[in-house]
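By convention in this document, chain letters (A, B, ...) are assigned in the order of the sequence lines, proteins followed by strands, and residues within each chain are numbered from 1. Please read these numbers as outputs of a predicted model, since none were measured by experiment.
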Protein chains: 2
Amino acid sequence: MPPASSRPRPTLLDVAAAAGVSKSLVSLALRGDAGVSERTRERILVVADQLGYRPSLTARTLKQGRSMLLGAVISSLDNPYHTEIVAAVEQAAEAAGFSVVLAHGSRERGRLAGRVQQLLDLGVDGLVVVSSWVPEEVLVTAARRAPVVMVGRTATPVAGIDSVNNDDEQGAALVVDHLVASGHRRIAHVTSSTRPAGIARRSGYEAAMRAAGLGAEVRVVRPEPAALDALVQDGTTAVFARNDVEAVDVLDHALDVGRRVPADLAVVGYDDTMLARRARPALTTVQQQRDVMGTRAVALLRERLDGRTDDVHEVLEPRLVVRASA
Amino acid sequence: MPPASSRPRPTLLDVAAAAGVSKSLVSLALRGDAGVSERTRERILVVADQLGYRPSLTARTLKQGRSMLLGAVISSLDNPYHTEIVAAVEQAAEAAGFSVVLAHGSRERGRLAGRVQQLLDLGVDGLVVVSSWVPEEVLVTAARRAPVVMVGRTATPVAGIDSVNNDDEQGAALVVDHLVASGHRRIAHVTSSTRPAGIARRSGYEAAMRAAGLGAEVRVVRPEPAALDALVQDGTTAVFARNDVEAVDVLDHALDVGRRVPADLAVVGYDDTMLARRARPALTTVQQQRDVMGTRAVALLRERLDGRTDDVHEVLEPRLVVRASA
DNA sequence: CTGAAAGCGCTTACAG
DNA sequence: CTGAAAGCGCTTACAG
């Protein structure tokens, strides 16, 4: 007996032969075409099932020119923010009848470009990019082959590519306003980011500080031990970190040097990932509407597939989630 | 002008026409067949490039019956142990000329079964399963369509399916022996797992304790606050947790109730994920040979594709990584 | 060294 | 309600 896995899979023709009909009829019956009698369909379904028939998506895709497959690209698998977005995209895609294949690039530009190419070669009908590391020219080239939507912001809008992201400036303002309302004045911003979202959060922080009359207190610091040490000792009472990961670093450092959070130092993050819930004390943070982002990303792709040609950039409102750290 | 993304992609026929040759020749030239003159190949490559030609993997797969695609299935995206294994598989696959598509099941049996089906329908040449949650009958059915390799153990070997995993019993023994050598006698095991690997680590712990003459000290506890409290207060001096995630929980709890680690309580994990390096104090843990696991998983799949029919189960030796926590 | 032809497994008008 | 035929974009013997 040959190895089980080399047994050739049954085709439409096998089912047709076993059911004593033509293969066109099998195809029609399987997809529930109205012009097939109930009894015939029934019989064909039973035969197909007995044979363990599964339609070849490869053949169908070749014929239809559509794969019903969406590609999702993320920088790396180890950032909960990105994987949580992808989960939302998958859910929305599934609801729309698409499957999602996932690719990541270990945060390397070259790898990411390669993965985009690979997904395109695989025949995806559209691409969701959840990474600011994909080079712009790669996005532009990709968009000539299939619609592309960016989740999260690029430095400047890329022609031909839709986007959906949250309003980082407003998110930063929510944080600053919350801290000010709690009586803080010496509020520092911790960031190591050169990415567009990081830059937006930083400028949102600065604008909100000025708006609160605290322009003189603006202080931006990198999440490094020496800088954090200085910060803890110079009278800073609150820290807004550019994301949950860096907020947790601040948290750990503060506790290490004997500061209490939030009594001595209030700490706020961004993204509302699982890190925020797991942190101790639990992290006050900014939540993006992940489900909506996923739904809108898929919807934008479908509109492109239906022929839309003008670019759409959607901006969603974030909201503050107050927990124990601030 | 039509939307960029709807511009039909060039085919072999377009390239042939533009180069003034037959499409067979283009196919041969593109894949570097020896029987095509250097000058002709050169010219064809240039034309293909100008047209932005990319071969259709869909058509190629349909014709060849092979996709050069491997599927990887993991329980969920939020477990660093699983995603780090997948990265190793991807690297090995790439080196062997395969691409990898990744699917996850949010730790739900039904979803996981669906993802396996989906990858198979996509036409993958083989499946790497990094999840003990995929129902056994799903694995068996899948193996009739394509070779399947389990990374990590199943409760009992599944006929027709290869596996590669580390020796959990030995890993547990390494931990116990290390703790005993450091003078510990009251060594508890923390676990919440009902999975095969968890069970193996637990029995490895028990066996090693008995072998060290500490059979009377065997103590197995769930990672829950009440149980951990009792443990911290009853003279236990060391804890071996079934994985890094639960070790970090123990760590946090011990520090919360004012115990010093490792002075008052030594803590050891398993898996050597990024959590272990990030923990404070950094976690002593057991490292599996992830790269080797990835390489062997891909190799086993290729052997099956080349016709091997008997089952192979590989067991790799883990090693202890001593850091600050024990 | 090069071309004409068949076929992978589907779907979809087109006839009947 | 059902069948014969063309074609999606490739690869691969087979001729020349």
Side-chain angles (χ1 to χ4, degrees), chain A residues 6-45 47-48 51-69 97 120-125 145-146, chain B residues 6-45 47-48 51-69 97 120-125 145-146:
Chain A
S6 74
R7 194 182 307 166
R9 21 187 311 201
T11 72
L12 220 40
L13 214 51
D14 297 320
V15 179
V21 296
S22 79
K23 71 182 169 112
S24 347
L25 189 53
V26 176
S27 175
L28 263 6
L30 254 32
R31 282 169 310 105
D33 189 286
V36 181
S37 71
E38 192 48 46
R39 291 189 43 230
T40 311
R41 188 214 315 298
E42 196 91 342
R43 187 160 49 90
I44 291 177
L45 288 185
V47 171
L51 262 47
Y53 172 77
R54 298 284 310 175
S56 158
L57 253 38
T58 303
R60 181 179 291 170
T61 296
L62 183 60
K63 179 64 189 171
Q64 314 244 61
R66 285 187 324 155
S67 61
M68 294 309 283
L69 213 57
L120 253 14
D121 285 348
L122 237 180
V124 297
D125 288 338
R145 291 230 263 151
Chain B
S6 73
R7 193 183 308 164
R9 23 187 311 201
T11 72
L12 221 39
L13 213 51
D14 297 320
V15 178
V21 297
S22 78
K23 71 182 172 98
S24 345
L25 189 53
V26 176
S27 175
L28 263 6
L30 255 31
R31 281 170 310 108
D33 188 286
V36 181
S37 72
E38 192 49 46
R39 294 189 42 232
T40 310
R41 189 215 314 295
E42 196 91 343
R43 187 160 49 89
I44 291 176
L45 287 185
V47 172
L51 262 46
Y53 172 77
R54 299 283 310 176
S56 158
L57 254 38
T58 303
R60 181 178 292 171
T61 296
L62 183 59
K63 178 63 189 169
Q64 314 243 65
R66 285 188 324 155
S67 61
M68 295 310 283
L69 213 58
L120 252 14
D121 285 348
L122 237 180
V124 296
D125 288 338
R145 289 231 263 152

Task: Range-with-range stems for DNA chain C, at least three Watson-Crick or G-U pairs under 3.5 Å - done: C:1-3 with D:14-16, C:5-12 with D:5-12, C:14-16 with D:1-3

- [ ] Using whole Å, report how far CD of B/Glu38 lies from C1' of C/dC1.
- [x] 13 Å

Task: side-chain contact (heavy atoms from CB on, under 4.5 Å) partners of A/Arg31, counting only residues at least two apart - done: A/Ser27, A/Leu28, A/Arg60

TODO: Would you indicate what A/Thr61 reaches in the nucleic acid, counting non-hydrogen atoms under 4.0 angstrom: base, sugar-phosphate, or nothing?
DONE: nothing

Open item on the list: Please report the interatomic distance CG(B/Leu122) to CG(A/Leu122), rounded to the nearest 0.5 Å.
Closed with: 6.5 Å

Open item on the list: Could you check whether A/Arg66 pairs with A/Asp125 (Lys NZ or Arg NE/NH1/NH2 to Asp/Glu carboxylate O, under 4.0 Å)?
Closed with: no

- [ ] Determine, stepwise, if the pair A/Arg145 / A/Asp121 fulfils side-chain contact (heavy atoms from CB on, under 4.5 Å).
- [x] CA-CA 10 Å; A/Arg145 291 230 263 151; A/Asp121 285 348; 2.6 Å; yes

Open item on the list: For residues 35-45 of chain B, which residue pairs pass the salt bridge (Lys or Arg N to Asp or Glu O under 4.0 Å) check, not counting sequence neighbours?
Closed with: B/Glu38-B/Arg41

Task: With sequence neighbours excluded, residues passing side-chain contact (heavy atoms from CB on, under 4.5 Å) with B/Leu25 - done: B/Val21, B/Ser22, B/Val36, B/Thr40, B/Ile44

Open item on the list: For the CZ atom of A/Arg54 and the CZ atom of A/Arg9, what is their distance to the nearest 0.5 Å?
Closed with: 8.5 Å

Task: Nearest-Å distance for atom pair CZ/C1', residues A/Arg41 and D/dT2 - done: 14 Å

- [ ] Going 5' to 3' through nucleotides 8-16 of chain D, assign each nucleotide B (protein heavy atom under 4.0 Å from a base atom), S (under 4.0 Å only from sugar-phosphate atoms) or - (no protein heavy atom that close).
- [x] BBBBB----

Task: Counterpart residues, side-chain contact (heavy atoms from CB on, under 4.5 Å), relative to A/Asp14 (two or more places apart) - done: A/Pro10, A/Thr11, A/Leu51

